[in-house]
Amino acid sequence: LLGFHEAIERYDNEKGHFLSYAKLVIGSRIKNYLKSENKHQHSSLEELLDKGLEIKDEYLEEKDDNGILLEEINKLKNEISSFGFTLEDLANEAPKQQATRINAISLSEKISKEEELTSFMYLKRRLPIKRIVLQFAVTEKVIKRSKKFIISVVIIFDKNLRALRNWIRK
């Protein structure tokens with residue numbers, strides 16, 4: 001309410017719509033309140049939500065998303081290391097052309113849905129290239145050029161790493 005009152009007091013017709021301005025001021029006051037509460041009482045966001053305070057704070061959501069993304073990157077790093085390559089190798093050998101990358105992601109998604117192919121991949125620590133060629137009508141050349149990328153994306157889909165899945169589709 002104090003934020004709304006402040007918005008009413010400071011609003012200038014010439015600078016835009018009132019509702020946009022009020023939303024900005026109120027959001028700012030809520031953020032300031034939460035920061036001061038966290039400093040003094042160490043209350044968590046969950047506690048504030050339990051008290052009935054609903055917050056739509058893009059910064060906090062982005063921070064949570066980054067934490068989840070970092071956690072998923074570490075999981076992926078551990079998985080691909082068992083296949084004998086690193087994130088640096090992946091970055092160097094990932095498809096540069098957008099169309100090639102899109103095709104590799106699409107193929108990886110199809111592979112991840114096939115239990116037989118994924119279990120072979122995890123067991124032998126390599127792609128079953130011949131089976132993939134026969135089942136999905138792609139050339140060996142396409143698979144071999146993007147092998148590490150395809151393995152990584154299959155892991156992302158198979159392990160349901162949502163943040164990474166959303167990130168690779170951007």
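- Residue pairs meeting the side chain to side chain donor-acceptor pair (under 3.5 Å) criterion with at least one member in residues 115-129, sequence neighbours excluded, are Ser82-Arg125, Tyr122-Asp158.
- Hydrophobic clustering places Leu87 together with Phe85 (ILVMFWY residues linked when any side-chain heavy atoms are closer than 4.5 Å, directly or through intermediates).
- Judged as a side chain to side chain donor-acceptor pair (under 3.5 Å), and not counting sequence neighbours, Tyr11 has no contacts.
- Residues Ile80 and Ile105 share a hydrophobic cluster, clusters being chains of Ile/Leu/Val/Met/Phe/Trp/Tyr side chains in contact below 4.5 Å.
- Ile156 contributes atom CD1, which lies 5.0 Å from atom CG of Leu76 (distance to the nearest 0.5 angstrom).
- Using a 4.5 Å heavy-atom cutoff, the side chains of Leu24 and Ser20 are not in contact.
- Judged as a side chain to side chain donor-acceptor pair (under 3.5 Å), and not counting sequence neighbours, the contacts of Glu93 are Lys148.
- Counted within 6.0 Å of CZ on Phe18, heavy atoms from surrounding residues, nucleotides or ligands total more than 12; the atom is thus considered enclosed.
- Put simply, the side chain of Lys159 does not reach to within 4.5 Å of the side chain of Lys75, judged on heavy atoms.
- At least one donor-acceptor pair closer than 3.5 Å links the side chain of Ser112 to the backbone N or O of Glu109.
- For Asn160, the side chain to side chain donor-acceptor pair (under 3.5 Å) partners at least two apart in sequence or on another chain are Arg165.
- Minimum interatomic distance between Leu161 and Glu72 (heavy atoms only, all atoms of both residues): C-OE1, 3.2 Å.
- Connection of Ile129 to Phe149 is established within a shared hydrophobic cluster, with ILVMFWY side chains joined at heavy-atom distances below 4.5 Å, either directly or through further cluster members.
- Remark: Gln98 pairs with Arg101, Ile102 by the side-chain contact (heavy atoms from CB on, under 4.5 Å) rule, at least two apart or across chains.
- Partners of Asn78 under the side-chain contact (heavy atoms from CB on, under 4.5 Å) rule, at least two apart in sequence or in another chain, do not exist in this structure.
- Hydrophobic clustering places Leu90 together with Leu69 (ILVMFWY residues linked when any side-chain heavy atoms are closer than 4.5 Å, directly or through intermediates).
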For residues 132-145, which side-chain donor-acceptor pairs fall under 3.5 Å, sequence neighbours excluded?
unit_1 : atom_1 : unit_2 : atom_2 : d
Gln135 : NE2    : Glu114 : OE1    : 3.3
Thr139 : OG1    : Val142 : N      : 3.3
Glu140 : OE1    : Lys144 : NZ     : 3.3
Glu140 : OE2    : Lys130 : NZ     : 3.0

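- There is a path of hydrophobic side-chain contacts, each under 4.5 Å, that joins Val25 to Leu19.
- Legend: residues meeting side-chain contact (heavy atoms from CB on, under 4.5 Å) with Asn92, ordered by chain and number and at least two apart, are absent.
- Residues passing the side chain to side chain donor-acceptor pair (under 3.5 Å) test with Arg131, sequence neighbours excluded: none.
- Evaluation of the side-chain contact (heavy atoms from CB on, under 4.5 Å) rule for Thr100 yields Pro95, Gln97, Ser146 as partners, not counting sequence neighbours.
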